[in-house]
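Below: the structure, in structure tokens.
Chain letters run A, B, ... following the sequence lines, proteins first, then strands; residues in each count from 1.
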Amino acid sequence: MHLKCHVFPARRNKQAFFRQLCSAGTPIPTITDLIYRQQWSKLKTFLQNADPNTILQELIASGADAELTFRHSHSLEVSFKVLHTLAYTRKYSKIRSFLDDFVKKDTSSSVSSVFHAISVCADSFCVNSIIVDMLVLTYVQNKKTHLGIEAFKRAGDYGFKLSVVSCNPLLSALVKEGETEDVEFVYRNMIKRRIEPNLITFNILISGLCKMGKLNKAKDVVEDMKVWGFLPNVITYNTLIGGYCKMGRIGKMYKAGAILKEMVASGICPDEVTFNTLIDGYCKDDNLSAAMKVFGEMQNQGLKPNLVTYNSLISGLCMNGKVNEAVSLWDEMTLLCLKPTVVTYNALVNGFCKNNMMNEARQLFDDMGKQGVSPNVITYNTMIDGYSKAKKMEDAFAMYHSMFERGIFPDVSTYNCLISALCREGYMAEAWKYVDEMHGRGLRVDLVTYNILIGSLCSKGEVRKAVRLLDEIYRKRLCPSHLTFNTLIEGYCTEGNLKAAMIMRARMEKEGKRANVVTYNVLIKGYCKKGKLEDANELLNEMLEKGLVPNKITYEIVKEEMLEKGFIPDIEGHLYNVSVKS
DNA sequence: GTAGGGTTAG
């Protein structure tokens, strides 16, 4: 308990203040009395022995400023007692500023001790609920989502009622942080605790489910919200379309189009965001003609393409090798007085880098400074990757060193670019040095780093070492991807260890990762190389039975290895009839 | 007091 005398009114008012207290008939507060008589040592002894509640009551009764009392007391119980007093007098903005201060500065109190303090010093369910509700919101606003979710859970245990005002931001923060399980947990509990969701609640939930790839569940929620009396709005539909667009790579773009039709049929008018989402989706699905069609349709509807529209198209064209067309769009947008931002620059710089035009990339990079657009870490990463893939390692490292001078600091991707470059050039030891350096900068190795290292070890025939890294992935609580497993399977196949490759596939499926086209291609190629064409053929049939669509690479393997060796695959007719995806 | 779109690395 630390109390300072400036909790009380200024010295020159003290006498008047004391007289006022006496005249009001209040019993002379001991603390006030001691302070008035400036008996500091007695005061100290008194404070050390007194019960916090007594002191608090005296302070409140003496008219001391509640806010100051709170700020100078280090006891949770006293603090929350003050909050209750404020809640009774409806001084909510003061409570908010107290809590904000508390959440920012207090790093020692656990959520459970806070709840204990709140519940012991109050009796009113309503007041407690209000304070707890504000506490949850304050945690979220201060980016302490983990404490927010804990408070949400405890509020349930204590039976305090939260409001949609704090549950929505909590849900939104959980979605942004990718805490997928908690998103569904909070929503389910809101319903259970009769916290009525609103349209925004549903939109946040749908957005979360889309990010998790649970598109079917997201669609179910759209039906649920109608039952609650909320009709999906333009944001709901845009979120769903965006969800399907992100799945464009696995052929879900047609579903995005279906949602668009549904949206129009329900009388919701697509806006710029709708069109931009679709354009970006088609671009990432390498379907530039569809993207351009939507671009035209958008203008027909009287909607003006904006920066985001051009950024998507420029990026899409660049990734498809159509850098010249990207440059003409750049010119078009500048004519429309849309000023390229760092995102636009990054897209085009990336286009030059990916298409072996490092001089042009450099020119554009230098132009940014002249145009007053600052490069960011993505610009640097793009340039570093471009230079190292062009085998200009000195330039890549010069870029890396120069970013520090501009106050831009490397992130995990920067190191992944460098590590990947060093591995490609065979400098494994150097690559590991950069793994250490990123640790030194407080950056955590991510799955991409592991995939790079695993790929490099496998290509050197050190599959056993690579498998040890797979175990390390789990220890770091990361989740291996299809790429991780496919790389390892390929590693085993290249060293001719087909048995180990099949065991790795089994492990992959056990982890819930179903073998994909790449997995089959790698395995089929492995069996072909060993001359086991019948087994390869069996795998090919298995792949088709599972509904996987062979791609160009499957076709090449079958043609080169099987057909040319006089082996006619059982599924030949089947394989040649399916549409081969590039 | 909260919801939707654009840029990098495997």
Grab the CD-P distance between E196(A) and dT2(B) for me, whole Å please.
21 Å
Have a look at V349(A) and say if it touches a base, only the backbone sugar-phosphate, or nothing, with a 4.0 Å heavy-atom cut-off.
nothing
If I take atom NZ in residue K284(A) and atom C1' in nucleotide dT7(B), what distance separates them, rounded to the nearest angstrom?
8 Å
According to ring pair (Phe, Tyr, Trp, His ring centres under 6.0 Å), who are the partners of Y380(A), at least two apart in sequence or on a separate chain?
F365(A)
Any residue in residues 204-214 of chain A with a heavy atom nearer than 4.0 angstrom to DNA chain B? Just list them by number, or reply none.
I204(A)
Starting at atom NZ of K513(A), determine the distance to atom C1' of dG10(B), rounded to an integer number of angstrom.
15 Å
For a quick test of reading the model: is some side-chain N or O of S315(A) closer than 4.0 Å to OP1 or OP2 of dG6(B)?
no
Is any NZ, NE, NH1 or NH2 atom of the basic residue among R441(A) and E437(A) found under 4.0 Å from an Asp or Glu carboxylate oxygen of the other?
yes
Under 4.0 angstrom between K354(A) side-chain N/O and dA9(B) OP1 or OP2
yes
Would you mind classifying the nucleic acid contact of I452(A) as base, sugar-phosphate or nothing, using non-hydrogen atoms under 4.0 angstrom?
sugar-phosphate
How would you label the contact of T309(A) with the nucleic acid (heavy atoms, under 4.0 Å): base, sugar-phosphate, or nothing?
nothing
So L418(A) and F397(A), do their side chains get closer than 4.5 Å, heavy atoms only?
yes
Looking at every non-hydrogen atom in both residues, tell me the closest pair between K339(A) and L307(A) and how far apart they are.
O-CD2, 3.6 Å
Distance check needed: dG10(B) P versus L469(A) CG, whole Å only.
18 Å
Nearest to the side chain of N233(A), heavy atoms from C-beta on, is which of dG1(B), dA3(B), dG10(B)?
dA3(B)
Measure from the side chain of T382(A), starting at C-beta and using heavy atoms only, and say which of dT7(B), dT8(B), dG1(B) lies closest.
dT8(B)
Check each residue of residues 408-428 of chain A for a non-hydrogen atom within less than 4.0 Å of any atom in DNA chain B, then write out the ones that pass by number, or none.
S413(A), N416(A), C417(A)
Decide whether a cation-pi geometry holds between K153(A) and F185(A); the criteria are a distance under 6.0 Å from NZ or CZ to the six-membered ring centre and an angle within 45° of the ring axis.
yes
Over how many whole Å does the gap from E490(A) atom CD to dG10(B) atom C1' extend?
13 Å
Listed nucleotide nearest any side-chain atom of I200(A), set dA3(B), dG1(B), dT8(B)
dA3(B)
For the residue pair T494(A) and C458(A), establish whether any side-chain heavy-atom pair is separated by less than 4.5 Å.
no
Grab the two heavy atoms, one from A501(A) and one from L523(A), that are nearest each other, plus how far apart they are.
CB-CD2, 4.0 Å
Identify whether any heavy atom of L278(A) sits under 4.0 Å from a base atom; if not, whether one sits that close to sugar-phosphate; answer base, sugar-phosphate or nothing.
nothing
Take the protein atom OH of Y187(A) and the nucleotide atom C1' of dA3(B), then report the distance between them rounded to whole Å.
15 Å
Side-chain N or O of N350(A) less than 4.0 angstrom from OP1 or OP2 on dT8(B)?
yes
Return the nearest nucleotide to the side chain of V165(A); candidates are dA3(B), dG6(B), dG1(B).
dG1(B)
Check this for me: does any side-chain nitrogen of one of K304(A) and E272(A) sit under 4.0 Å from a carboxylate oxygen of the other?
no
Can you tell me which nucleotide in dG1(B), dT7(B), dA9(B) comes closest to the side chain of Q141(A)?
dG1(B)
Rounding to an integer number of Å, can you tell me how far N376(A) CG sits from dT7(B) P?
12 Å
Taking the six-membered ring for Trp, are Y434(A) and Y415(A) parallel (under 30°), tilted (30 to 60°) or perpendicular (over 60°)?
tilted
Is the NZ atom of K513(A) crowded by more than 12 outside heavy atoms at less than 6.0 Å?
yes
Rounded distance in Å - NE2 (H482(A)) to C1' (dG10(B))
15 Å
Cation over ring face, R193(A) and F152(A), 6.0 Å, 45°:
yes
Would you please confirm or rule out a distance under 4.0 Å between OP1 or OP2 of dT2(B) and any side-chain N or O of K176(A)?
no
Using the side-chain heavy atoms of V343(A), tell me which of these nucleotides is nearest: dT7(B), dG1(B), dA3(B).
dT7(B)
Closest nucleotide among dT7(B), dG10(B), dT2(B) to the I378(A) side chain
dT7(B)
